[in-house]
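One-based numbering, in listed order, for ligands and for the atoms of each. This chain uses plain numbering: 1 for the first residue, then up along the sequence.
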Amino acid sequence: MSPPEVAAPAARERLVLERIAARRARPALFRDARIGLAHGAGGKASRDLVEGLFLPAFDSEALRQLDDAGRVHVDGLRLALSTDTFVVRPLQFPGGSIGTLAVHGTLNDLAVTGARPLALTASFVLEEGLEAAVLETEVSTMAAAARAAGVELVAGDTKVVERGRADGMYVCTTGLGRVDRRAHTSPRRLEPGDRILLTGPLGRHGIAVLLARGEFELDAEVASDTRPLWPAVDALLEAAGGRLHAARDATRGGLGSVLNELATASGVGIVVRERDLPADPVVAGACEILGIDPLYVANEGQLAAFVAPDRADAALAALRAIPGFSEAADVGEVVAGPPGLVQMDTAFGGRRVVDLLVGDPLPRIC
Ligand code: MG
């Protein structure tokens, strides 16, 4: 009688990874009795809500793409539409405010789908008692940000709710863009061999907002990275054209969530190299003290681009040539599998799984 088979370590690891991949591939289900903060955090709970409730109900070809903006084709014109609501607390923080986020956030969701932003709308939910000076500041901030991005604000709405029913103000913006002729991106277009380019250091926005709340006695100066990303996408398209397979801004949920979403959408694996991730030493220090993984911290001015290997060097050089993007780096690679699984080669050697979080370590940051 032969002894029972014992899997070798490498085979065992493969088995575990395949089980994780199989679990990931299950369809999302929304079964919670009540909404929690995690449903808005961009992780597993958000995925269950979007794919388990909204998607089946509002089912459309554009929604099914699970991209940052929906494509709308009108008489041969390729348009893109995106909407986002901003509930950041506090309203102002180093490097930005709810107004800058409301403009950049929506324009960036258009940009990463390859759409040049054209027009914006803005809806305000204001709380009774909000100081007029605060509103005036945010309105002029938004006007300046839109002008700087070459976009007109063409419609708006205002509602006021009773004192105590909103934290000063919430802003919802909707953006319309025209999909660039050179763009053929999709979350489903990742291919083994694609290189992953990241535009800059992770975590500045989330940590800047967290510190601005004053809940931690940390003496660190961190400014949000909020900025328009169309110049980066424009440069990537110029350098790589249709070889730019996908791009996504690493906002809520951070780079870790973005990589998981795209690996799942494309049915491929991803390996990132920790030592190649551009880092802000102050953010890294704050994350370490607070026990937060910068991979999951929100950014408002960084994107990850997935470029075919033959155009990756040219795309990286083009990115680095844009003012403010000199820290762009090649941080990883798309691999065949296991499908949906993101792994990181750590700075200490060894490889670990970068999982999709259930919630967010930092709620209300955008
Ligand atoms: Mg986005």
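- Excluding waters, the set of protein N/O/S atoms under 2.8 Å from the Mg ion (ligand 1) reads Asp68 OD2, Asp109 OD1, Asp249 OD1.
- Residue Gln302 is tested with Arg227, Arg204, Glu327 for a side-chain hydrogen bond (donor to acceptor under 3.5 Å, both in side chains); the sole match is Arg227.
- Counting only N and O atoms by type, the side chains of Glu300 and Ser224 include no donor and acceptor under 3.5 Å apart.
- Salt bridge Lys44/Asp355: present, at least one basic N to carboxylate O contact under 4.0 Å.
- In this view, Asp330 and Arg195, Arg273 satisfy the salt bridge (charged side-chain N to carboxylate O under 4.0 Å, His left out) rule, not counting sequence neighbours.
- One finds no salt bridge joining Asp180 and Arg78 here, because no Lys/Arg side-chain nitrogen approaches an Asp/Glu carboxylate oxygen to under 4.0 Å.
- Between Arg213 and Asp167, no side-chain nitrogen of the basic residue sits less than 4.0 Å from a carboxylate oxygen of the acidic one, so the salt-bridge criterion is not met.
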